[in-house]
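We name chains A, B, ... by the order of the sequence lines, and we start the count at 1 in each one.
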Amino acid sequence: MEIRERYLNIKRRLFDKVYSSLNAPQRESVFTTRGPLLILAGAGSGKTTVLVKRIAFIIKYGNAYYSDFVPEGISERDVAKLESALDLTPAEIEPYLSQFAENPCPPYAVLAITFTNKAANEIKHRLAAAFDNEEVANDIWAGTFHSICVRMLRVHAEKIGYGPNFNIYDADDSKRAMLAAMKNLGIDDKTLPIKSVMNTISRAKDALMTPSDFLDEAGREFRLKKIGEVYEEYQKNLRISNALDFDDIIMQTVKLLREHEEVRRYYQNKFKYVCVDEFQDTNVAQFELTNLLIGHYRNLMVVGDDDQSIYKFRGATIENILSFDKTYPDAKVVKLEQNYRSTQNILDAANAVIGVNTNRKGKNLWTSQGEGDKIVLRLSEDQNSEAMYIVDKINEAVAKGEASYRDFAILYRTNAQSNSIERTFAKSGVPYRMLGGIRFNDRKEIRDVVAYLQLINNHSDAERLLRIINEPKRKIGDKTIDAIRAIASEQEISLFEVIKNADKYAALGRSANILLGFAALIEKLTKILEDGCPLDAFVNQVLDMSGYRQMLVSAGEEERDRLENLEEFISGVIEYMKNTEEPTLGGFLEETMLVSDVDKYDESADACVMMTIHSAKGLEFPIVFLPGMEDGLFPGSQTVMSASAEDMEEERRLAYVAITRAKRKLYIIHTRNRMIYGRTSFNPVSRFVSEIPTSLIYKDAPPKRSDSYSSFGTGGFGGYGGSAATSRGSFVSVGTAKTSSSGLGGVGDKVTIGKTFTSPVKQGAGERFSEGDRVSHMTFGEGEILSVKPMGADVLYEIAFEKVGTKKLMATYAKLKKIN
DNA sequence: TTACGCCTCCTTTTT
DNA sequence: GGAGGCGTAA
């Protein structure tokens with residue numbers, strides 16, 4: 001063999017050995033650094049590992065593996081020396097590899113795009129660990145599509161007609177803005193339901209259609225034409241508000257990159273490698289954005305699983321992944337089919353179900369872990385006995401010591417199903433956590449403070465202004481608001497601009513003074529912030545000067561939860577300040593809008609977890625229950641009726657996701673009759689269950705006298721076997737509905753923990769304090785009581801804390817301790 | 001302005 | 001079955 005060839009051969013064998021903990025296709029993925037690459041990663045196939053190792057590889061070795069470079073004048077002896085290194089262990093070989101590096105890429109030239117903050121953080125953490133260096137992780141651009149786009153837009157907003165301090169509208173804000181636009185146009189939301197308007201406009205933006213594109217396409221179709229007009233008006237108002245909705249964040253970035261060559265060039269040169277995770281969930285706009293970023297390097301890696309594409313209703317286009325190799329004919333395609341999560345029986349079931357779909361690339365998951373238990377199929381009488389069956393099985397396994405509560409997950413198709421399950425769990429005392437409640441950020445009082453802050457950050461924001469202009473009540477009624485809107489709309493200026501000059505508009509009449517006062521309040525607060533007030537103190541100022549806190553305090557008992565939540569919110573602000581080098585209001589708001597809190601449900605609590613199958617994507621659990629596996633529920637009746645093959649395939653992919661969450665054991669349950677929307681329905685077992693070979697299934701038939709299950713009804717606790725009783729009274733309280741969140745924004749709590757079961761422990765008012773007493777508080781530290789005001793049955797303390805300034809706290813909730 | 005009662009509408013939701 | 005929106009009555 002020629003010496004050059006031998007050199008290259010040995011080099012590659014050395015790399016193979018160092019990376020021998022990966023399987024062959026995984027290594028192939030890591031070593032392929034140049035050009036377009038599609039990784040079809042089956043469920044549980046080590047996708048994230050590959051993603052991270054590949055980025056690390058690029059940073060360390062660049063294109064080392066496939067490079068044909070051979071050093072000048074290499075000798076037989078050199079090659080022989082290398083060859084002898086092959087006998088060493090992987091760890092011993094590793095130091096040798098750096099000599100092969102070819103164009104290693106600096107971390108800041110790597111862009112990794114994900115859909116969730118959780119995934120982005122995971123990548124950063126694992127990279128930091130791989131390099132034992134936080135900086136590498138901080139330098140690479142790893143983030144969600146939205147956060148990356150916002151980062152670019154902040155710099156270049158002016159080029160596309162926005163101010164750099166633009167605000168972000170979430171779904172609720174944008175719904176209000178669309179309703180306002182419809183009102184403006186005189187379109188009744190009964191003839192044109194807001195839900196469908198929102199959905200249509202959102203899909204249009206996903207597909208990069210501007211209002212005029214949309215109107216062109218709508219032609220003379222009445223409904224679409226109307227929606228097009230709303231879209232146009234809505235977009236005009238967003239611009240005046242200097243606000244972007246979630247979809248704009250992507251679409252406007254695409255516009256920026258398309259229309260501004262110098263900006264495009266800059267990022268194309270900057271990002272030498274681009275990676276996109278969960279590629280099956282991308283929409284047209286996101287793919288276009290990616291294409292615009294990769295530039296002439298064309299070093300684009302996308303990872304995803306066409307079989308787990310379950311977000312079509314949100315605009316995801318499975319075609320992006322299915323035809324990636326047509327868009328990029330030179331793309332290398334790698335399939336990761338070895339599964340490290342589940343037993344073969346579970347995988348066989350999943351393979352069988354997904355195999356029915358035709359619109360897919362085709363993969364076959366396998367494992368070396370053995371076949372494991374059969375899948376248990378259970379027919380229950382109704383949703384209550386279904387829930388009791390689950391509780392029974394859990395208690396049984398826990399009693400035998402086969403599993404802990406945290407090993408179980410109950411995954412359902414619709415949130416509505418959670419009711420009966422939760423009730424049964426609460427009654428039986430099995431600890432549980434449920435995902436999908438109201439998010440902390442969505443509570444009214446939180447949205448209100450945020451609205452104040454957003455308005456201060458960006459005076460033009462119409463929705464935020466409208467939200468709080470009369471909150472607390474300032475005697476600004478609908479008529480005044482309509483008048484303000486009319487003036488603003490006619491002159492195409494912001495609402496704030498009108499209010500600021502209220503005395504100049506006759507139409508505002510007697511309200512002018514109140515409006516001027518409101519404008520002055522906002523400007524005064526803006527000034528306080530500009531003068532360098534720390535963020536947490538500033539939020540307190542906002543609450544005090546606006547009268548918002550006083551409004552809640554005056555309401556007494558009824559609103560103390562809200563007051564508590566506001567304190568919690570401020571803790572979140574403090575948390576943000578701690579974690580951020582240069583904390584700013586804008587930065588905090590951005591995080592509040594872009595970082596949710598699903599990321600951080602407390603996995604340490606020993607409790608069963610309940611959630612929809614959608615939210616379970618990406619997670620795994622030793623033992624999984626799938627209740628409600630019935631045609632009419634899953635697949636849903638809409639899908640069954642619609643006869644759309646595409647919709648049915650999407651539903652089947654969801655079933656595939658559900659099955660592949662299970663590591664050791666899978667229970668599938670269906671019922672004879674079930675109450676849905678107040679009606680009893682008799683659903684046949686899900687077609688997806690019928691698609692699983694019977695050889696993989698064990699039918700858990702109810703015992704002959706099992707009618708006791710249902711005859712006891714919902715309330716019957718003694719209806720089932722002794723095992724449940726063992727756990728009675730063993731409830732482990734895993735916290736109240738409001739966990740003190742530690743993450744960014746600190747304001748998150750989508751996780752409702754044992755909410756019906758945990759009765760909040762009423763803290764007695766306890767010791768009462770008087771003026772001048774020194775006290776200590778769990779979060780705020782030590783301070784001195786400034787004043788004491790009786791409030792109904794409770795007492796309001798004003799306390800000067802050493803670290804966090806003066807705060808007003810209710811005695812019952814402050815949990816103060818006296819210091820001597 | 002608020003309160004209550006009636007009517008309607010129901011999938012999934014990473015940002 | 002239940003939440004949320006809306007209209008009417010006080």
Peer 1: If you only use heavy atoms from C-beta on, which nucleotide in dT15(B), dG7(C), dT13(B) is closest to the side chain of Leu594(A)?
Peer 2: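 Of all the options, the side chain of Leu594(A) is nearest to dT15(B).
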
Peer 1: Just checking, is any N or O donor in the side chain of Tyr169(A) or Asp461(A) under 3.5 Å from an acceptor N or O on the other one?
Peer 2: yes

Peer 1: Under 4.0 angstrom, heavy atoms only, what part of the nucleic acid is Gln417(A) near: base, sugar-phosphate, or nothing?
Peer 2: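 Gln417(A): no heavy atom of the nucleic acid under 4.0 Å.
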
Peer 1: Does Asp170(A) reach a base, just sugar-phosphate, or nothing at all? Heavy atoms under 4.0 Å.
Peer 2: nothing

Peer 1: In this structure, how many angstroms lie between the P atom of dT15(B) and the CG atom of Asn167(A), rounded?
Peer 2: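 It works out to 19 Å between those atoms.
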
Peer 1: Using a cut-off of less than 4.0 Å, is there contact between a side-chain N or O of Asn415(A) and OP1 or OP2 of dT13(B)?
Peer 2: yes

Peer 1: Write down the distance between NZ (Lys195(A)) and P (dT13(B)), rounded to a whole number of angstrom.
Peer 2: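 Checked: the NZ to P distance equals 12 Å.
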
Peer 1: State whether a side-chain donor-acceptor pair under 3.5 Å links Thr191(A) with Asp188(A).
Peer 2: no

Peer 1: Consider the side chain of Phe246(A), meaning its heavy atoms from C-beta on, and name the nucleotide among dT15(B), dG2(C), dT13(B) that approaches it most closely.
Peer 2: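 Of dT15(B), dG2(C), dT13(B), dT15(B) is nearest to the side chain of Phe246(A).
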
Peer 1: With heavy atoms under 4.0 Å as the rule, sort Thr114(A) into base, sugar-phosphate or nothing.
Peer 2: nothing

Peer 1: Of the candidate nucleotides dT14(B), dT13(B), dT15(B), which contains the atom at the shortest distance from the side chain of Asp281(A)?
Peer 2: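 Nucleotide nearest to Asp281(A)'s side chain: dT14(B).
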
Peer 1: Under the 6.0 Å and 45° cation-pi test, does Arg341(A) pair with Phe621(A)?
Peer 2: no

Peer 1: Nearest nucleotide by nearest heavy atom, which residue falls closer to the 5' end of DNA chain B, Lys475(A) or Glu651(A)?
Peer 2: Lys475(A)

Peer 1: Which nucleotide in the list dT11(B), dT14(B), dG2(C) gets nearest to the side chain of Asn419(A)?
Peer 2: dG2(C)

Peer 1: Which nucleotide wins on minimum distance to the side chain of Gln638(A), given the candidates dT15(B), dT11(B), dT13(B)?
Peer 2: dT11(B)

Peer 1: Where the side chain of Thr116(A) is defined as all heavy atoms beyond and including C-beta, which of dT13(B), dG7(C), dT14(B) is the nearest nucleotide?
Peer 2: dT14(B)

Peer 1: Ile676(A) has an atom CD1; how far is it from atom P of dC9(B), in whole Å?
Peer 2: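 It is 19 Å, rounded to the nearest whole Å.
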
Peer 1: In sequence, state the C-alpha distance, the side-chain angles, and the governing distance for Arg126(A) and Glu122(A), and then conclude on salt bridge (Lys or Arg N to Asp or Glu O under 4.0 Å).
Peer 2: CA-CA 6 Å; Arg126(A) 289 216 209 170; Glu122(A) 169 104 19; 2.9 Å; yes

Peer 1: May I ask you to say what Tyr311(A) touches in the nucleic acid, namely base, sugar-phosphate or nothing, with a heavy-atom cut-off under 4.0 Å?
Peer 2: base

